[in-house]
Amino acid sequence: MKFLLNVIWLIFGGLWLALGYFLAGIICCLLIITIPFGIAAFRIGVYALWPFGKTVVDKPTAGVGSLIGNIIWVIVAGVWLAIEHIVTAVAMAITIIGIPLAIANLKMIPISLMPLGKDIVPVRSLQSHV
């Protein structure tokens, strides 16, 4: 089921979402000081391509630097990426089949706003630790 949802997701919105993250990553990598933002954007872009079967967890080593970086990220790119998720979620929710995709899209908004200090892990590895 995850595979089918990921394929539908990729076709009907995941590719566009990932391109938005990749564009943000390229722009962030132009300056040395914003490279961590670019790396986070690329990581989330890959997650936006194939999200089902993965989840977002907090990094235990995240600290004040992540918080400050997230504040800067929200101002520079996070708001625009969150808006992209909302618009895509509304478009996906028009059909019954798209409702689970729209919900997944809305669940990605927190990481689009605050990507630093987060890890994207497979759901299986999370379940084995519980």
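- In this structure, the side chain to side chain contact (heavy atoms under 4.5 Å, CB included) partners of I103, at least two apart in sequence or on a different chain, are I99, K107.
- When hydrophobic side chains of Ile, Leu, Val, Met, Phe, Trp and Tyr are connected at separations under 4.5 Å, I94 ends up as a singleton with no cluster partners.
- Counting only residues at least two apart or on different chains, no ring-ring contact (aromatic ring centres under 6.0 Å, His included) pair has a member in residues 99-121.
- Applying the ring-ring contact (aromatic ring centres under 6.0 Å, His included) definition to pairs two or more places apart or across chains, none involves residues 89-117.
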For residues 5-19, which side-chain donor-acceptor pairs fall under 3.5 Å, sequence neighbours excluded?
from: N6; atom 1: OD1; to: F52; atom 2: N; distance (Å): 2.9
from: N6; atom 1: ND2; to: K2; atom 2: O; distance (Å): 3.1
from: N6; atom 1: ND2; to: F52; atom 2: O; distance (Å): 3.1
from: W9; atom 1: NE1; to: A48; atom 2: O; distance (Å): 2.5

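- When the side chain to side chain contact (heavy atoms under 4.5 Å, CB included) test is applied to V76, the partners found at least two apart in sequence or on another chain are I72.
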Give the table of side-chain donor-acceptor pairs shorter than 3.5 Å for residues 111-119, with sequence neighbours excluded, one pair per line with atom names and distance.
from: S112; atom 1: OG; to: I109; atom 2: O; distance (Å): 2.7
from: K118; atom 1: NZ; to: D58; atom 2: OD1; distance (Å): 2.4

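- Residue pairs meeting the ring-ring contact (aromatic ring centres under 6.0 Å, His included) criterion with at least one member in residues 86-106, sequence neighbours excluded, do not occur.
- With rounding to the nearest 0.5 Å, the separation of CD1 in I120 from CE in M108 is 7.0 Å.
- Two different hydrophobic clusters hold F37 and I27 under the rule that ILVMFWY side chains link at heavy-atom gaps under 4.5 Å.
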Apply side chain to side chain contact (heavy atoms under 4.5 Å, CB included) to residues F22 and L49 and explain how you reach the verdict. CA-CA 11 Å; F22 294 150; L49 279 173; 4.2 Å; yes

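- Pairs passing the side-chain hydrogen bond (donor to acceptor under 3.5 Å, both in side chains) check and including a residue from residues 73-87, sequence neighbours excluded, read Y21-H85, H85-N105.
- Judged as a side-chain hydrogen bond (donor to acceptor under 3.5 Å, both in side chains), not a single pair has a partner in residues 87-103 (not counting sequence neighbours).
- Rounding to the nearest 0.5 Å places CG of L67 at 4.5 Å from CD1 of I71.
- Under a cut-off of 6.0 angstrom, the local environment of CG in L30 is crowded, with over 12 non-hydrogen atoms contributed by other residues, nucleotides or ligands.
- Residue L4 is not grouped with residue I97 when hydrophobic side chains (ILVMFWY) are merged at heavy-atom distances under 4.5 angstrom, including chains of intermediate members.
- At a threshold of 4.5 Å between side-chain heavy atoms, the hydrophobic network of Ile, Leu, Val, Met, Phe, Trp and Tyr places V74 and V87 in one connected group.
- Note on F42: it clusters hydrophobically with L81, by side-chain heavy-atom contacts below 4.5 Å among ILVMFWY residues.
- When all heavy atoms of C29 and G38 are compared, the pair lying nearest together is SG-CA, 3.9 Å.
- When hydrophobic clusters are built by joining Ile, Leu, Val, Met, Phe, Trp and Tyr residues whose side-chain heavy atoms come closer than 4.5 Å, directly or via intermediates, V79 is grouped together with L106.
- Within the structure, the side-chain hydrogen bond (donor to acceptor under 3.5 Å, both in side chains) test picks out no pair touching residues 32-50 (sequence neighbours left out).
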